[in-house]
Amino acid sequence: MNEFDQDKPDKSALDKRALDQSRRSLVTAIGLGAISSAAWANGGERKPATHHPSALDASAATASVRYAAQQVGEVKVFYRESGPSDAPVLLLLHGFPSASHMFRDLTPLLAQRYRVIAPDLPGFGNTLAPPRGSFEYSFDRLADVMAGFVDALKLSRYALYVFDYGAPTGFRLAMKHPERIAAIVSQNGNAYLEGLSKEWAPWQAYWRDPSAQNRETCRAALSDEAIRFQHQHGAPEHRLSPDGHQLDSFHMRRPEAQEIQLDLILSYRTNVALYPAFQNYFREHRPPLLAVWGKHDVFFIPPGAEAFKRDLPDAEINFLDAGHFAAETHYVEIARLMRDFLRRQGY
């Protein structure tokens, strides 16, 4: 073997990778409904099917993603974007302790029809924000930055996907500019007291008494073990990638990251105080709302999803056999529900 042969990839390895990629594409196509399981059982042959507008095409799984950053005042907001630039916009807002990488599998399934935009909130992921001493890490401030981000990208109308921390952030945007909201998809994004489980007790104690001792008690929620539990609890076996919780833990070890998160835990009490305002927004403006809820979530429990119907009688409530991070394990199901729901709203 000469020096040039050493640099050549092994043909058998290439063939294996090509076969693996082919298998993954085929499995994705079956999962999205582009190839029926019956056709696969018959050797993959099928008759041409009439395209249904709510069906997910296999080609959606290969949609490209663009990574960019937008300066908003002192904050450089990192975001992921996919889909046609002139398509209807979906704004995806992540939750604690994650970032826009939690949408890495969902985004391509929506991008065939929509312009999908998923930013990292200040204090999370790859968004660059000033240190604590010169920047207030509160939910009001997060919403201000996201409002500036929406304005900078000239998003005059969009559908909101909100999860966890993304919910109180997104609902603030909706209250400020209700005319911009085409629809809301809430994936374990709470706006009701009955949606809070007993797991919130240490945080609620900190809200009532923001002492140093109560702050330290809340630090347990930032450990690797707690982050792993938040991802894994209620998730079906073998459907959860370790990538999500490992990256979240990595980000939590950065300078000031834990103190920033503890500041936001204290600030969460302002979200609960705004629940009546969020609910009034629902009643007054009647945004079409789809709740897609991991029913095994131990933090935001199913009554929080069911409560939407109190203010939005036409809200559609769907429970998945998933935990808190339902989009990590049930992105195909969520994409299918979203596309069907948004199509019926004329969006």
**OP:** Give the minimum heavy-atom separation between Gly125 and His251, together with the two atoms involved.
**Re:** CA-CE1, 3.6 Å
Subject >> Which atom of Ala174 lies closest to which atom of Leu160, heavy atoms considered >> reply: CB-CD1, 4.5 Å
Original post:
Do Phe278 and Tyr192 have ring centroids that are under 6.0 Å from one another?
Top reply: no
**OP:** Please report the closest heavy-atom contact between Thr127 and Leu121, naming both atoms and the distance.
**Re:** CB-O, 3.8 Å
Original post:
Of Phe299, Tyr268, Phe300, which meets ring-ring contact (aromatic ring centres under 6.0 Å, His included) against Tyr165?
Top reply: Tyr268
Original post:
Out of curiosity, does Phe319 fall in the hydrophobic cluster containing Ile334 (side-chain heavy atoms, cut-off under 4.5 Å, transitive links)?
Top reply: yes
Original post:
With distance as the sole test, does Tyr114 use its side chain to make a donor-acceptor pair with the main-chain N or O of Tyr347 at under 3.5 Å?
Top reply: yes
Original post:
Hey, what do you get for CG (Leu290) to CD1 (Ile317), rounding to the nearest 0.5 Å?
Top reply: 8.0 Å
**OP:** Give a yes or no answer on whether the side chain of Gln345 reaches the backbone of Ala183 with a donor-acceptor pair at less than 3.5 Å.
**Re:** no
**OP:** Nearest 0.5 Å please: distance from the CZ atom of Phe139 over to the CG atom of Asn271.
**Re:** 5.0 Å
Original post:
Distance from Glu237 atom CD to Arg239 atom CZ, nearest 0.5 Å?
Top reply: 12.5 Å
Original post:
Could Glu333 and Arg336 be called an ion pair, given the rule that one side-chain N must be under 4.0 Å from one carboxylate O?
Top reply: no
Original post:
Can you name the closest pair of heavy atoms from Asp209 and Asn214 and give their distance?
Top reply: O-ND2, 2.8 Å
**OP:** Examine distances only and state if a side-chain atom of Glu81 and a backbone atom of Arg115 form a donor-acceptor pair shorter than 3.5 Å.
**Re:** no
Subject >> Single-linkage hydrophobic cluster, 4.5 Å side-chain cutoff, Tyr79 and Leu155 together >> reply: yes
Original post:
Should Gln230 and Phe96 count as side-chain neighbours, where that means a heavy-atom distance under 4.5 Å?
Top reply: yes
Original post:
Atom CZ in Arg80, atom CZ in Arg104: separation rounded to 0.5 Å?
Top reply: 8.5 Å
**OP:** Find out whether Val150 and Arg180 are in side-chain contact, i.e. whether some heavy atom of one side chain is under 4.5 Å from a heavy atom of the other.
**Re:** yes
Original post:
What's the spacing between Arg228 CZ and Leu240 CG if we round to 0.5 Å?
Top reply: 11.5 Å
**OP:** Following the transitive rule for hydrophobic clusters with a side-chain heavy-atom cut-off under 4.5 Å over Ile, Leu, Val, Met, Phe, Trp and Tyr, establish whether Trp200 and Ile301 coincide in one cluster.
**Re:** no
Subject >> Within the 6.0 Å centroid threshold, strictly below: Phe103 and Tyr331 >> reply: no
Original post:
Would you say Leu193 and Ile265 are hydrophobically clustered, going by side-chain heavy atoms of ILVMFWY under 4.5 Å?
Top reply: yes
Original post:
Any side-chain heavy-atom pair from Val89 and Arg157 closer than 4.5 angstrom?
Top reply: no
**OP:** Take Ile181 and His285 through the test side chain to side chain contact (heavy atoms under 4.5 Å, CB included) and record every step on the way to the result.
**Re:** CA-CA 10 Å; Ile181 307 302; His285 296 282; over 6 Å; no
Subject >> Charged N-O contact under 4.0 Å between Asp314 and Arg286 >> reply: no
Original post:
Considering all heavy atoms of both residues, which atom of Phe282 and which atom of Leu312 are nearest to each other, and what is their separation?
Top reply: O-CD2, 3.3 Å
**OP:** May I have the step-by-step check of side chain to side chain contact (heavy atoms under 4.5 Å, CB included) for His324 and His233, ending in yes or no?
**Re:** CA-CA 8 Å; His324 186 64; His233 185 272; over 6 Å; no
Original post:
Checking Thr169 side chain against Ala143 main chain: does a donor-acceptor pair fall under 3.5 Å?
Top reply: no
Subject >> Verdict with supporting geometry, Tyr206 and Thr217, side chain to side chain contact (heavy atoms under 4.5 Å, CB included) >> reply: CA-CA 8 Å; Tyr206 184 34; Thr217 299; over 6 Å; no
Subject >> Heavy-atom pair with the smallest gap, counting every atom of Thr329 and Ala235 >> reply: CG2-CB, 4.1 Å
Original post:
Should Phe308 and Tyr275 be counted in the same cluster of Ile, Leu, Val, Met, Phe, Trp and Tyr side chains packed under 4.5 Å apart?
Top reply: yes
Original post:
Below 4.5 Å, heavy atoms only, C-beta onward: do Met252 and Ser223 meet side chain to side chain?
Top reply: no
**OP:** Would you please indicate if the ring centroids of Phe163 and Tyr161 are separated by under 6.0 Å?
**Re:** no
Original post:
Short question: side chain of Asp120, backbone of Phe78 - any donor-acceptor pair under 3.5 Å?
Top reply: no
Original post:
Tyr281 and Asp311: side-chain hydrogen bond (donor to acceptor under 3.5 Å, both in side chains), yes or no, with the steps?
Top reply: CA-CA 9 Å; Tyr281 158 76; Asp311 298 306; over 6 Å; no
**OP:** From the options His231, His245, His94, select the one residue that forms a ring-ring contact (aromatic ring centres under 6.0 Å, His included) with Phe325.
**Re:** His231
Original post:
More than 12 heavy atoms of other residues, nucleotides or ligands under 6.0 Å from CD of Gln213: is that the case?
Top reply: no
**OP:** Quick one: do Val185 and Leu90 satisfy side chain to side chain contact (heavy atoms under 4.5 Å, CB included)? Show the steps, please.
**Re:** CA-CA 10 Å; Val185 177; Leu90 298 182; over 6 Å; no
Subject >> Beyond-backbone contact of Val75 with Pro130, side-chain heavy atoms, under 4.5 angstrom >> reply: yes
Subject >> Any side-chain heavy-atom pair of Leu274 and Arg172 under 4.5 Å >> reply: yes
Original post:
Between OG of Ser82 and CD of Gln112, what distance do you get to the nearest 0.5 Å?
Top reply: 10.5 Å
Subject >> N-O pairing of Asp263 and Arg215 below 4.0 Å >> reply: yes
Original post:
Heavy-atom count around Lys309 NZ within 6.0 Å, excluding the residue itself: above 12?
Top reply: yes
Original post:
Below 4.5 Å, heavy atoms only, C-beta onward: do Pro97 and Leu222 meet side chain to side chain?
Top reply: no
Original post:
Can you check whether Asp144 reaches Arg141 side chain to side chain, under 4.5 Å on heavy atoms?
Top reply: yes
